[in-house]
Amino acid sequence: MSLISTMPEHIRVRDARVHNLKSVDVDVPLQRLVGIAGVSGSGKSSLALGVLYAEGSRRYLEALSTYTRRRMAQSPRAAVDSVEHVPAALALRQRPGVPDVRSTFGTSTELLNVLRLMFSRLASHLCPNGHRVPPTIDVAAEVPFACPTCGETVHPPGAEALAFNSGGACPRCQGIGVVRTVDDAALVPDESKTIDEGAVLPWQVFGFNVQPDIVREFGVRTDVPWRELTDDEREIVFDGPEEKKHITVTSKKGIHELDFTFRNARLTVTEELKRADTDKRLAKVSRFLREGTCPECGGSRLSPAARAPEIHGQNLAEISALPLEDVLAWVPTVADALPGSMQEMAAALIDTFEGMARRLIELGLGYLALDRAGSTLSTGERQRAQLARSVRNRTTGVLYVLDEPSIGLHPANVDGLIGVMRDLLADGNSVVFVDHDVQILREADWLIEIGPGSGTEGGTVIAEGEPVGLDGGSLLAGFLTGDEPVVIRERAAADEVFALGTIHLETEAIHTVHPLSLDIPMGRLTAITGVSGSGKSTLILDSLVPAVQARSVAQARSVAQAKSSAKANSTVQDAREDAKLPDHVRALDAPAGLRVQVVDATPIGLNVRSTVATYSGVMDELRKVFAATERAREDGLTASDFSYNTGSLACPRCEGTGQVSLDIQFLPDVDIECPECHGSRFAPQAERYERDGITLPQLLGCTVREALSHTADLSRVQKRLKGLDELGLGYLTLGEATPALSGGEAQRLKLVSQMNKDQSDALFVLDEPSVGLHPLDVRTLLRVLERLTERGGTVVVIEHDLDVVANADYIVDLGPGGGQDGGRIVATGTPDEVAANDASITGNYLARHLART
């Protein structure tokens, strides 16, 4: 029997019980493209990441030495009876970590490494006397050579000397491209105050309460409003010398004669910045700082020496500032005019760069400049860069687990994503991906659908097979075949779209977005579409939102002033002209009193202490009713005792977090479920206090739907829980930590308090609200957006999901491409009008999507 015939064809998972999985048995094909789908909270990520990746990575790590393991993250043992034939696993998560300040798109993709080699080996360099030396093979051989002009020995820089994270860093900004300077306006925010009243804010914030006494010794008046001080007096406050002054200080213990050194306001901030060794301290100082482009390097991060080598008259900084697609067009020209002895080396570097860059272009990242700060990339952009790097590594026999790789992708870029995954398979790897996008699910070789519902209602395999042939238990089958309708809401007719009013915006050019004129219909659902980098976020989040906010602030200020001046009508009208719009916004015409609410996908809460119960306001009500039980009253307990954060019933072991961190000496710390409270966050005594047969810890362990039946007599709790359930979040447990929620879940949770209010003065802006949503959940989202418009709200969504786009009343499509090729409005109108517009890439995909049903 041959070796090939004995190779396993499946990963055998038996009795998987991770999170809500209910003793799942499943065979996952190896060396195939396997999709795992299901509604939000069904357990698909539990299977993919909690079982397959957890076991694949853990077993690989266990094969390494302890010395190596201690430097790597440890994967916990999955709650599963057996997982057989699982390869070593790598995960590309939905939310890759945000890179630090020294990371750029070029460094994260390693493209910058190749460019640095080009500029160190193939460029013309400067001799010590400043003469430009033509390219020579001696550079590659690291042999000093003589300048043909002056004969001075030339020592060309190596690639590391051109790195802003190494020897090529700008000495002014230390290679980060920005410098922090003190913002004088923030030092004295209220000029009506005197120094004695706390006008100089840093002295108050950082506890330098004697500084007013000291500055008085310099002749500065501290008892008059700041605005009345002379320029000389202000300069002493801001930048006076560090001189000792003899002052008299009065305290509770009496009067003291002391010598103190003066610390001016700017120095106070800069010294505190040096001491800011925690995020909390840094945040405290940052309010007095402003960041600006480094004046020495122009934001390139590079030293003058690192910017000296040139290829065709351009240096590394100039090429790094170009969009990737432009760099890819430039790279083949590098070999032009090089001597024959250098052509082979140049060809190798060119081929390497082109091979690395093409995948990124196919994934829709060609609009990104190599010097783009890594922290400014979206989660989808970071994930795609990570995926392209994985393909380039040319591994074999590895299990790749991808968590929603289609996030942030326009339908036009999904084809590139599928090509990348097929490349991984071609190298002998296995690929399992979790996703909701029907376009990518149709391309899977095998689909595993988890469900049927969420939370306790999910956790089972309801269908598996080829995408087109899923059995009758599948909730996805109709979407895959096109049997399910796409349009599920009544959209406004083309001639009625603007019947309720218009928001008009005009902008100058900003970033890669050209001057634009935009109309958004009031009281309607508008979708802003376009490929990645086409300018959607710049137009809406950087232009429309701050413009409306500025107008709203100005109008509120005018109304406040009008109450005292009895000129309400004229003052509010004046606010339309007086509002400080963003510099690039030429005009905004919007109804008076319009307020904007941005509902983004950022995590809710900073740590595990924020839960669904606390965020929704349910926890306060529950603490009150449990404190009102007979036994609690007998024991003298109040609502505060039932707080897991500060109450007497909080678990003393984990202090109400539900988890503890274990110090395993030379291995990394591991967070585990608290062994005392088993994750409930409460001490055992809390189980003494029942209400209708259930304790508060038990109630927090219930899903929203389950909790509804236990709180039928609590009208306020019922109202909020029903709101959560109507938003499709009924599967969340009340005690679930909000920072762990998906982006789509976080967005819907933020909307709970808005659903039953009059929204006629509201503009809601949602950034990709469909992220992480099953097609059925998208329908729930559309019903939520429908309710907002029914209550008079104007809703604008930045979207790629074709189901959401097809159900919009109006579409504004940007493009035609990304980066320099985008930034224009290429199509507007109803979905049917945009679908018929050949100039719109989105319209082409929308037309096909509508034609499937």
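Only this structure's heavy atoms are used, side chains among them; waters, hydrogens and symmetry mates stay out. On a predicted model such as this, the values are computed, not experimentally measured, just so you know.
H511 contributes no side-chain N or O that, together with a main-chain N or O of V513, makes up a donor-acceptor pair within less than 3.5 Å. In terms of modelled atom types and a separation under 3.5 Å, the side chain of D809 and the main chain of R491 share no donor-acceptor contact. Using modelled atom types, no side-chain atom of R779 and backbone atom of I488 make a donor-acceptor pair closer than 3.5 Å. Formation of a donor-acceptor pair under 3.5 Å by the R489 side chain with backbone atoms of N807 is found in this model. No donor-acceptor pair under 3.5 Å is formed between the side chain of R301 and the backbone N or O of A169. When atom types are taken as modelled, the side chain of R384 and the backbone of L363 share a donor-acceptor pair closer than 3.5 angstrom. With hydrogens and angles ignored, the 3.5 Å screen pairs no side-chain donor or acceptor of K536 with any backbone N or O of L814. The main-chain N or O of H514 is never found under 3.5 Å from a side-chain atom of R824 such that the two would form a donor-acceptor pair. In terms of modelled atom types and a separation under 3.5 Å, the side chain of Q754 and the main chain of L751 share no donor-acceptor contact. Side chain of T107 to main chain of S103: no donor-acceptor pair is present (N/O by atom type, distance under 3.5 Å, no hydrogens or angles).
V596 has its side chain out of reach of S552: every pair of non-hydrogen atoms, C-beta onward, lies at least 4.5 Å apart. Within the 4.5 Å cutoff, no side-chain heavy atoms of C297 are placed close to those of R172. Using a 4.5 Å cut-off on side-chain heavy atoms (C-beta onward), P775 and L476 make contact. Contact check for Y367 versus T512: no side-chain heavy atoms found under the 4.5 Å cut-off. Looking only at side-chain heavy atoms (C-beta outward), I798 and L539 stay at 4.5 Å or farther from each other. Side-chain contact between F105 and L365 is present, with at least one heavy-atom pair separated by less than 4.5 Å. By the 4.5 Å heavy-atom criterion applied to side chains, L112 and F164 are counted as neighbours. Put simply, the side chain of L409 does not reach to within 4.5 Å of the side chain of D437, judged on heavy atoms.
Interatomic distance, L402 CG to M421 CE, rounded to the nearest 0.5 Å: 6.5 Å. Within the model, atoms CG of L850 and CG of D832 stand 6.5 Å from one another, a figure rounded to the nearest 0.5 Å. Rounded to the nearest 0.5 Å, atoms CG (L766) and CG (L788) are 8.0 Å apart. C170 contributes atom SG, which lies 9.5 Å from atom CD1 of I176 (distance to the nearest 0.5 angstrom). Taking CZ from F353 and CD from E110, the interatomic distance works out to 12.5 Å, rounded to the nearest 0.5 Å. In this structure, CG on L368 lies 11.0 Å from OG1 on T104, to the nearest 0.5 angstrom.
Across L846 and A806, no two heavy atoms sit closer than the pair CD1-CB, 3.9 Å. S45 approaches V434 most closely through the heavy-atom pair OG-CG1, 4.1 Å. Annotation for I841 and A412: closest pair CG2-CB, 4.0 Å, computed over non-hydrogen atoms. Residue I811 comes nearest to P831 through the heavy atom pair CD1-CA, 3.5 Å, listed as atom of the first residue, atom of the second, then distance. Here the shortest heavy-atom pairing between L773 and H436 reads O-CB, 3.0 Å. Among all heavy-atom pairs drawn from A388 and L360, the shortest one is CB-CD2, 3.6 Å.
Within a 6.0 Å sphere centred on CG of D583, heavy atoms belonging to other residues, nucleotides or ligands number 12 at most.
Test T502, T526, T794 against P521 for side chain to side chain contact (heavy atoms under 4.5 Å, CB included) and you get one pass: T526.
Contact check on D435 versus K44 returns no salt bridge, with no Lys/Arg side-chain nitrogen under 4.0 Å from an Asp/Glu carboxylate oxygen.
Every side chain to side chain donor-acceptor pair (under 3.5 Å) that D427 has, sequence neighbours left out, goes to R394. Listed by chain and number, the residues in a salt bridge (charged side-chain N to carboxylate O under 4.0 Å, His left out) with D415 amount to none (sequence neighbours excluded). R180 meets the salt bridge (charged side-chain N to carboxylate O under 4.0 Å, His left out) test with E291; sequence neighbours excluded. Residues forming a side-chain contact (heavy atoms from CB on, under 4.5 Å) with A306 (at least two apart in sequence, or on another chain): L162, L302, S303. Every residue two or more places apart in sequence or in another chain was checked for a side-chain contact (heavy atoms from CB on, under 4.5 Å) with A347, and none qualifies. Contacts of D838 classified as salt bridge (charged side-chain N to carboxylate O under 4.0 Å, His left out), with partners at least two apart in sequence or in another chain: none. Partners of T109 under the side chain to side chain donor-acceptor pair (under 3.5 Å) rule, at least two apart in sequence or in another chain, do not exist in this structure.
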Atom pairs and distances, donor-acceptor, side-chain atoms in residues 317-332, under 3.5 Å, two or more places apart:
from: E318; atom 1: OE1; to: N315; atom 2: N; distance (Å): 2.9
from: S320; atom 1: OG; to: L316; atom 2: O; distance (Å): 2.9
from: W330; atom 1: NE1; to: Q314; atom 2: OE1; distance (Å): 3.4

Show me the donor-acceptor pairs within less than 3.5 Å that the side chains of residues 540-549 make with the rest of the protein, sequence neighbours left out.
from: S543; atom 1: OG; to: T538; atom 2: O; distance (Å): 2.9
from: S543; atom 1: OG; to: H584; atom 2: NE2; distance (Å): 2.8

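A donor atom on one side chain and an acceptor atom on the other are found under 3.5 Å apart for D813 and T529. T395 and N429 share a side-chain donor-acceptor pair at under 3.5 Å. S770 and E799 share a side-chain donor-acceptor pair at under 3.5 Å.
Residue pairs meeting the salt bridge (charged side-chain N to carboxylate O under 4.0 Å, His left out) criterion with at least one member in residues 508-532, sequence neighbours excluded, are E508-R586. For residues 794-820, every residue pair satisfying the ring-ring contact (aromatic ring centres under 6.0 Å, His included) rule, not counting sequence neighbours, is listed here: H410-H800, F498-Y810. Under the ring-ring contact (aromatic ring centres under 6.0 Å, His included) criterion, no residue pair touches residues 523-545, with sequence neighbours excluded.
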* Could you give me the CA-CA distance, side-chain angles and deciding distance for L518 and I520, then say whether side-chain contact (heavy atoms from CB on, under 4.5 Å) is met? => CA-CA 7 Å; L518 170 71; I520 292 178; 3.8 Å; yes
* Asked: Are H849 and D803 close enough, and set up right, to give a side-chain contact (heavy atoms from CB on, under 4.5 Å), and what steps lead you there?
  -> CA-CA 8 Å; H849 190 61; D803 282 338; 2.7 Å; yes
* To do: Start with the C-alpha gap between V778 and F479, add the side-chain angles, then the distance that decides, and say whether side-chain contact (heavy atoms from CB on, under 4.5 Å) holds.
  => CA-CA 12 Å; V778 170; F479 296 97; over 6 Å; no
* side-chain contact (heavy atoms from CB on, under 4.5 Å) evaluation trace for N113 with L117 -> CA-CA 6 Å; N113 293 349; L117 280 170; 5.8 Å; no
